[in-house]
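Worksheet: one structure, shown below.
Each chain gets a letter, A, B and so on, in the order the sequences are listed, and its residues count up from 1. Side chains included, hydrogens not; waters and symmetry mates left out as well; all remaining heavy atoms used.
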Amino acid sequence: MKIAIASGKGGTGKTFVSSNLVRSYKKQVALLDCDVEEPNNSLFLKGDIVEQRRHAVLVPKLQSDLCDGCRVCQQVCEFNSIIVMGGKAMVFEDLCHSCGACTLMCPQKALYEVDHEIGTIVVRKSKNVAMVEGLLDVGKALAVPLIRKVKSYIKQFKDIPIIIDSPPGTSCPMVWTIESSDYVILVVESTAFGFHDFKIAINTVKDVNLPFGVVINKDGLGDDRVEKYCLKNNIPILARIPFSIEVATSYSKGDLLVEVDPVYQKIFEKLWEELINRVKSGAKDEK
Amino acid sequence: MKICVTSSGATLESPFDNRFGRAPYFIIYNSDDKSFSAIDNSVNINASQGAGIQAAQLIADSGAKVLLTSNLGPKAGELIYASGIKVYQVETDSVQKAIDLYLKGELKELKESNVEGHA
């Protein structure tokens, strides 16, 4: 069972829900932190590092004396990441999507592929949670290849639930994170900005054709526009997490709320029940 | 000498466009015979990424030695400066006005890219 946790707006509480959800589970569970620009689950779950490795993608490199400036590489590049200036090709590695077309098509065989490191994969063990996080190098723009690497660990977790924490927003990194999951939780706060981005996120999840439900976080903050919208559009509200100074204080200290407050442990246990039932029943009506 | 101006349209009267890579047109003005031509940049307007470097190549290929625009990103800047093109920063209404300001020597040279990239 793979559950992705996403939102439109940043800061609605994806990591809060992810970290507390996995810790509240009574058995073994896996957590993939795909928010590779700021993978923060380990701040709360901590745990020991069991594996750490650099991740690289392939990018073209030019053997300059062989290049005759024919521009074939530039023409076949779908991503505008290679250009011919002054009679020689120039590669912009940060724009490259590693498709290999330029290297394949170069008539002079002047291009070859080299590793271009983009980040680190860290595997941690924290009590009942096996955690894999991707940490994108500062200044790198290639979140998706690192997210896909994090997701490649899915096959190592055969019979346990997998929680996947998504980056905010609704662009490629979010889509690659949620794709192929069994269910998506949209964490939302009922404010003007939260509601605006929530509607965009709903459309994205529908485009990817995945069933989804909503966790209203900071419930009591803002108004009831999210609640009304969900009722009107038959979107299930899976849980409500009250807005309180105690929650904010505990979170800011790096505590896991379910470890310090049994009321919240119950909320997250109930959320697990909802999720398991919905995934079992196919959740087809929630697409 | 050829002068390139980022433009919203294909004529000298067209409104100046302050974007570089995603300007709809580049007007190439020849100060020797006062003729001009327009390069259609519509391919790059819709590019998901890398518009700046493609635009830089169009301009380098045009033979322009001077570029009049408002904002230049780091990747495009790298190529423009490597091609020996001088960049002058301008904020004005029309392409013609930008050219007039340059010819009067009233524009400040932009020695390096002045805006961040947006990946």
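- Q54(B) and I82(A) get closest at one heavy-atom pair: NE2-O, 4.1 Å.
- Applying the side chain to side chain donor-acceptor pair (under 3.5 Å) criterion to N41(A), with sequence neighbours excluded, gives D33(A), D165(A).
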Exercise. Please lay out, stage by stage, how Q49(B) and E78(A) fare under the test side-chain contact (heavy atoms from CB on, under 4.5 Å).
Key: CA-CA 9 Å; Q49(B) 60 172 30; E78(A) 278 292 307; over 6 Å; no
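- Atom CE of M85(A) sits about 9.5 Å away from atom CD of E78(B), to the nearest 0.5 Å.
- The 12-atom threshold is exceeded at CD of Q89(B), counting heavy atoms of other residues, nucleotides or ligands nearer than 6.0 Å.
- Listed by sequence position, N44(B), A47(B) are the residues of residues 32-48 of chain B in contact with chain A, using a 4.5 angstrom heavy-atom cutoff.
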Exercise. Show your reasoning for whether side-chain contact (heavy atoms from CB on, under 4.5 Å) applies to L95(A) and K75(B).
Key: CA-CA 10 Å; L95(A) 299 176; K75(B) 292 191 181 75; 4.0 Å; yes
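- At a heavy-atom separation below 4.5 angstrom, chain A is approached by A60(B), D61(B) within residues 60-70 of chain B.
- For A56(B), the parts sitting under 4.5 Å from any heavy atom of chain A are the backbone and the side chain alike.
- Residue-environment remark: CD (E106(B)) exceeds the threshold of 12 foreign heavy atoms within 6.0 Å.
- With sequence neighbours excluded, the residues that form a side-chain contact (heavy atoms from CB on, under 4.5 Å) with Y112(A) are K61(A), Q63(A), V114(A).
- Residues R71(A) and Q57(B) form a side-chain contact, since some pair of their non-hydrogen atoms from C-beta on lies under 4.5 Å apart.
- With a 4.5 angstrom heavy-atom cutoff, F92(A) touches chain B only via side-chain atoms.
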